[in-house]
S.K.: 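The structure is given below, and queries will be raised subsequently.
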Amino acid sequence: RSIYRILISGYVRAGLINLAIQTFNEMIDSGCRVFGIDYNRFIGVLVREHYFDMAEHYYRMMMSQGFSLSSFTYSRFISGLCKMKKLDSIQKLLEDMDKINAVPDIWAYNIYLNLLCNEIRLDMALEVFETMKKKGRNPDTVTYTTIINGLCKAQRFQTLVGIWHEMMKVGFCPDNVACGTLIFGLCKHGKVDLAYVLLMGMVKGQIQLSSSVFNALVSGFCRVGRVDKAQAIVSFMRRNGCKPDIVTYNTLLNYCCSELMLVEAEKLIEKMERNGIRPDRYTYNQLIKGFCRANQLDKAYSLMINKMEVEGLCDVVSCNTLIAALCRTRRMGMAYKLFEEMDRKGVKPDVITFSTLINGFFREGHADLAEELFDQMLGSGLVPDAVVYTTMIDHLCKTGRIELARSFFIDMIEKGIPPD
RNA sequence: CGACGUGAUUUUGGCAA
């Protein structure tokens with residue numbers, strides 16, 4: 001046994017995992033007694049190397065012999081399985097831990113909670129959240145942030161407010177990450193007034209709120225069309241010692257550009273430059289969008305060529321924005337020319353570029369060109385997404401080519417892209 | 001033996017419309 005142990009640990013240290021596995025198997029077959037500690041160490045290694053199926057196999061083996069893992073190894077095991085989203089395996093491990101009165105560490109809990117929240121198993125997450133408290137494993141700021149994020153996603157706002165206050169009552173002062181999660185999550189669902197109230201409650205707190213937290217709120221108010229309020233928040237952050245940054249300006253600018261307020265947009269640019277902030281590619285791309293919406297494609301194009309390209313800021317978004325505008329105004333020839341130009345500029349087209357063009361050609365009745373582009377996209381190694389498939393399927397259906405549409409649908413599922 | 005984990009804010013594409 002000692003010799004096997006030495007061999008295995010040597011192989012592990014040398015990174016020769018397969019040899020270690022082979023040796024471990026020999027150890028089992030040799031008839032010498034294999035102890036819980038051997039399984040523990042070995043499973044620990046397998047988990048670290050992401051050999052989860054194998055780890056589960058040996059885990060079952062050791063369990064049937066009446067052994068169990070240390071809570072350290074259990075915690076690592078659970079964390080690892082979270083990455084693989086193996087919910088029932090995790091469930092089983094938690095039950096087994098419970099039987100021996102072991103409690104997962106805070107890391108394992110947080111990772112598990114995050115998985116549950118992302119899989120929209122919110123109720124289960126809340127259960128686990130309660131369980132961990134009962135077991136004496138107290139939530140930390142990360143735990144709360146994770147739960148808040150989940151509650152926002154599930155739009156459970158009343159519960160959210162409750163937990164937010166519970167957190168402070170327990171004595172946790174939320175950090176900027178937690179505040180950002182809260183504000184962003186609420187704003188994403190249009191709950192801007194609630195976000196505002198809760199944030200104001202934080203202003204007097206111990207932490208200096210970061211500009212990104214404010215920016216999230218500014219963006220929220222812009223999106224629901226309440227610019228006045230957005231502006232007020234910008235003044236507020238200034239008064240509270242938090243300088244508006246490039247993102248703040250870009251957020252306001254985006255609103256102007258979406259609403260065709262180009263004069264306002266110009267003013268904003270001047271203002272930001274006066275404050276010593278240089279426009280970045282977001283700034284320019286938003287301006288391009290503004291010009292496009294105002295039907296000034298020539299201005300948009302010259303901005304891209306004369307400003308962005310000179311500063312090395314021209315990117316795929318700039319091109320996509322222009323191509324979309326050209327498609328919308330039925331100038332497919334020019335759209336395609338710009339597409340070809342991207343290659344010369346060294347800007348790689350992405351899935352969005354292709355969807356835009358495909359949609360444009362279909363609308364103009366050039367199904368052949370659209371289909372060619374789809375193949376070209378696959379050929380260039382781009383990974384298609386649900387949008388580009390929907391575009392294809394939609395047009396094929398609407399032009400009566402149901403069977404072909406169906407084959408695209410099957411194709412997309414086979415590629416592991418879930419239809420929405 | 002302690003790896004791995006949480007939100008971060010602003011720009012471009014389809015259908016449902």
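Letters A, B, ... are given to chains in the order of the sequence lines, protein chains preceding strands, and every chain is numbered from 1.
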S.K.: So does A:Asp385 reach the base of B:G14 with its side chain, donor to acceptor, closer than 3.5 Å?
M.R.: no

S.K.: Applying the 5.5 Å / 30° rule, does A:Tyr282 stack onto the base of B:U11?
M.R.: no

S.K.: Among B:U9, B:G14, B:U12, which nucleotide sits nearest the side chain of A:Asn215?
M.R.: B:U9

S.K.: Counting any heavy atom closer than 4.0 Å, what does A:Tyr112 reach on the DNA or RNA strands: base, sugar-phosphate only, or nothing?
M.R.: nothing

S.K.: Would you kindly check whether a donor in the side chain of A:Ser355 faces an acceptor in the base of B:G13, or vice versa, at under 3.5 angstrom?
M.R.: yes

S.K.: Starting at atom CD of A:Glu49, determine the distance to atom P of B:C4, rounded to an integer number of angstrom.
M.R.: 13 Å

S.K.: Does the ring centre of A:Phe67 sit less than 6.0 Å away from the ring centre of A:Phe35?
M.R.: no

S.K.: Have a look at A:Val388 and say if it touches a base, only the backbone sugar-phosphate, or nothing, with a 4.0 Å heavy-atom cut-off.
M.R.: base

S.K.: Mark yes when over 12 heavy atoms from residues, nucleotides or ligands other than A:Lys92 sit less than 6.0 Å from its NZ; otherwise mark no.
M.R.: yes

S.K.: Between B:G13, B:U10, B:U11, which nucleotide gets closest to the side-chain atoms of A:Lys289?
M.R.: B:U11

S.K.: Assign A:Asp245 to base, sugar-phosphate, or nothing according to its heavy-atom contacts below 4.0 angstrom with the strands shown.
M.R.: nothing

S.K.: So what does A:Thr145 touch, heavy atoms closer than 4.0 Å: a base, only the sugar-phosphate, or nothing?
M.R.: base

S.K.: Heavy atoms from C-beta onward define the side chain here; which of B:C4, B:U10, B:U6 lies closest to that of A:Lys83?
M.R.: B:C4

S.K.: Contact class for A:Asn40 (heavy atom, under 4.0 Å): base, sugar-phosphate, or nothing?
M.R.: nothing

S.K.: With the side chain of A:Asn254 defined as its heavy atoms from C-beta on, choose the nearest nucleotide among B:U11, B:G13, B:A8.
M.R.: B:U11

S.K.: I want to verify a distance call: between B:C4, B:G14, B:U9, whose nearest atom is closest to the A:Val247 side chain?
M.R.: B:U9

S.K.: Starting at CZ of A:Arg41 and ending at C1' of B:G2, how long is that distance when rounded to a whole Å?
M.R.: 16 Å

S.K.: Is A:Lys229 close enough and on-axis enough to A:Tyr196, meaning under 6.0 Å and within 45°, for cation-pi?
M.R.: yes

S.K.: Please classify the nucleic acid contact of A:Lys398 as base, sugar-phosphate, or nothing, using heavy-atom distances under 4.0 Å.
M.R.: sugar-phosphate

S.K.: To the nearest angstrom, how far is A:Leu182 atom CG from B:U6 atom P?
M.R.: 19 Å

S.K.: For the residue pair A:Tyr58 and A:Tyr39, is the inter-centroid distance of their aromatic rings smaller than 6.0 Å?
M.R.: no

S.K.: If you check every side-chain atom of A:Thr181, which of B:G5, B:G7, B:A8 has the closest atom?
M.R.: B:G7

S.K.: Classify the side chain of A:Thr391 versus the base of B:G14 as yes if they form a donor-acceptor pair under 3.5 Å and no if they do not.
M.R.: no

S.K.: Figure out the CG/P separation between A:Leu113 and B:G5, and round it to whole Å.
M.R.: 16 Å

S.K.: So, A:Lys337 and A:Glu341, do they make that salt bridge, N to O below 4.0 Å?
M.R.: no

S.K.: Any side-chain N or O of A:Lys188 less than 4.0 Å from the OP1 or OP2 oxygen of B:A8?
M.R.: no

S.K.: Checking contacts here: which listed nucleotide (B:G2, B:U12, B:G14) is nearest the side-chain heavy atoms of A:Thr390?
M.R.: B:G14

S.K.: Which listed nucleotide (B:G13, B:U11, B:U10) is nearest to the side chain of A:Arg223?
M.R.: B:U10

S.K.: Considering only heavy atoms from C-beta outward, does the side chain of A:Tyr112 approach that of A:Leu87 to under 4.5 Å?
M.R.: yes

S.K.: Separation of A:Tyr255 atom OH from B:U10 atom P, in whole Å?
M.R.: 17 Å

S.K.: Nearest to the A:Ser212 side chain among B:U11, B:A16, B:U9, which nucleotide is it?
M.R.: B:U9

S.K.: Quick one: CG on A:Leu382 to NZ on A:Lys348, what's the gap to the nearest 0.5 Å?
M.R.: 9.0 Å

S.K.: Could you check whether A:Val351 gets within reach of a base, just the sugar-phosphate, or nothing at all, counting any heavy atom under 4.0 Å?
M.R.: base

S.K.: Starting at atom OH of A:Tyr51, determine the distance to atom P of B:A3, rounded to an integer number of angstrom.
M.R.: 21 Å

S.K.: Check every strand shown and say whether A:Asp350 touches a base, only sugar-phosphate, or nothing at a heavy-atom separation below 4.0 Å.
M.R.: nothing

S.K.: When you get a sec, tell me which of B:U9, B:G14, B:U6 is the closest nucleotide to the side chain of A:Ala216?
M.R.: B:U9

